[in-house]
Number of protein chains: 2
Amino acid sequence: MLLSKSCIYALRASVLIASKKNDGFITIRELSDELNISFHFLTKVLQELTKAELLESYKGPNGGVKLARPANKITFMDVVESIDGDYMINECVLGLPGCGVMKPCALHDQWSVLKTDIINMMNEYNLEAIAKNRELQRSFERKSAQFANL
Amino acid sequence: MLLSKSCIYALRASVLIASKKNDGFITIRELSDELNISFHFLTKVLQELTKAELLESYKGPNGGVKLARPANKITFMDVVESIDGDYMINECVLGLPGCGVMKPCALHDQWSVLKTDIINMMNEYNLEAIAKNRELQRSFERKSAQFANL
DNA sequence: GTATATTAAGATAAAATAGTCTTAATACCA
DNA sequence: TGGTATTAAGACTATTTTATCTTAATATAC
């Protein structure tokens, strides 16, 4: 798996938050219900996003979480790095310590090319764009009388 | 992590086997020593490659494992699929069941492009080519008085 | 202030992955 | 035939990841 489950949950939740135009706080319960993810587990994952300052949280009635900055200022990469760390950027595909230009593994060059594309996509694609795309996909789906994924 | 540790071990070992021009069987002990991988764990991993008919094994003195077909007929993908399954090919990057052209997730299209490149690389790159590349990297390294990775 | 709603944090459990150890099966060789 | 080398297989342990449950902290509203 490219992304851990925690990371996938974080992505799905933050895209869902971005897709709610609402400026106020959204409860994690609402998110977990809508995404079919365990409330407690999602809470933990979103806590990490809050620590990473991608989300703001607020306790008590009318509390919840919301994006800490505009959706187009939070990239796919921001979320991935907050949860899974920088493995995509720094780690060797064969897990070899010290792999790099000066000491490349047998897959280093071939993988570097692909990795760069992935990193670029993650850096360029942001929550606003993903949320917009999600809407598009869902409206397309509605026409074919199915439910779209997220 | 893109590849599981088992898969990484399988790749490193099969590339090492391919890089030994030797036509006979190579003991797993020799491989595990050279790669610094636990002998017993590597044994299990290579058993899976044997079951998948990428390797042939032979017991007893002068036994060991060897490639079941020429190194250029075993692809990166063959090894990955034998150990990690076809997640790279079939699974959604967000882990959503049923994600596909008819019911795409918010990342489906962007990811599809990258995934295709990865799959192509894995299908085109084979053990002979990887082993050759490994030699190249190592000779380059020897000049800079370091040890190359694998 | 007290009850309620909500996130934060910690303790525990379950499942998946990684790693070790022991025994079995098979093959060679003397 | 018996001893040794080797992979195969299974039992067991350890670690990491995922998931659940409980309690604490904080904010609101009445």
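Convention: sequence-line order gives letters A, B, ...; per-chain numbering from 1. In this text the structure is predicted, and so the values were computed from the model without any measurement.
- Here the P atom of nucleotide D/dA5 and the CD atom of B/E30 are 16 Å apart, to the nearest Å.
- For the pair A/Q47 CD and D/dT26 P, the computed distance is 14 Å after rounding to whole Å.
- Using a 4.0 Å heavy-atom distance criterion, A/L46 is classed as making no nucleic acid contact.
- For B/R12 (side chain) and B/L35 (main-chain N/O), a donor-acceptor pair under 3.5 Å exists by modelled atom type.
- Rounding to whole angstrom units, CG of residue A/N36 and C1' of D/dA19 are separated by 15 Å.
- The interatomic distance linking A/E48 (CD) with D/dT17 (C1') rounds to 12 Å, in whole Å.
- Remark: the backbone N or O of A/S57 is not paired with any side-chain donor or acceptor of A/K66 at under 3.5 angstrom.
- Taking side-chain N and O atoms only, A/Y9 has no distance below 4.0 Å to OP1 or OP2 of D/dT18.
- Heavy atoms of B/F25 sit nowhere under 4.0 angstrom from any nucleic acid atom.
- Both B/V93 and A/L11 belong to a common hydrophobic cluster when Ile, Leu, Val, Met, Phe, Trp and Tyr are linked at side-chain heavy-atom distances under 4.5 angstrom.
- The nearest whole Å value for the distance from the NZ atom in A/K44 to the P atom in D/dT22 is 14 Å.
- Here the P atom of nucleotide D/dT18 and the CD1 atom of A/I83 are 11 Å apart, to the nearest Å.
- Place A/P61 and A/T50 on DNA chain C by their nearest nucleotides, and A/P61 ends up nearer the 5' end.
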Report, one line per pair, each donor and acceptor closer than 3.5 Å where one atom sits in a side chain of residues 116-131 of chain B; sequence neighbours left out.
unit_1	atom_1	unit_2	atom_2	d
B/T116	OG1	B/S112	O	2.8
B/N120	ND2	B/T116	O	3.4
B/N123	ND2	B/I119	O	3.4
B/Y125	OH	A/A106	O	3.4
B/Y125	OH	A/Q110	OE1	3.3
B/Y125	OH	A/Q110	NE2	3.1
B/Y125	OH	B/N133	ND2	3.2
B/N126	OD1	B/E128	N	2.9
B/N126	OD1	B/A129	N	2.9

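- When hydrophobic clusters are built by joining Ile, Leu, Val, Met, Phe, Trp and Tyr residues whose side-chain heavy atoms come closer than 4.5 Å, directly or via intermediates, A/L16 is grouped together with A/I37.
- Note on A/K5 versus A/D84: no salt bridge recorded, every NZ/NE/NH1/NH2 to OD/OE distance being 4.0 Å or above.
- The closest donor-acceptor contact from the side chain of A/Q137 to the backbone of B/C105 lies under 3.5 Å.
- Reading DNA chain C from its 5' end, the first and the last nucleotide to sit under 4.0 Å from a heavy atom of chain B are C/dA18 to C/dC29.
- The side chain of A/H40 has D/dT22 as its nearest neighbour among D/dT26, D/dT28, D/dT22.
- Here D/dA27 presents its C1' atom at 9 Å from NZ of A/K59, a figure rounded to the nearest Å.
- Between A/N62 and B/G63, it is B/G63 whose nearest contact on DNA chain D lies nearer the 5' terminus.
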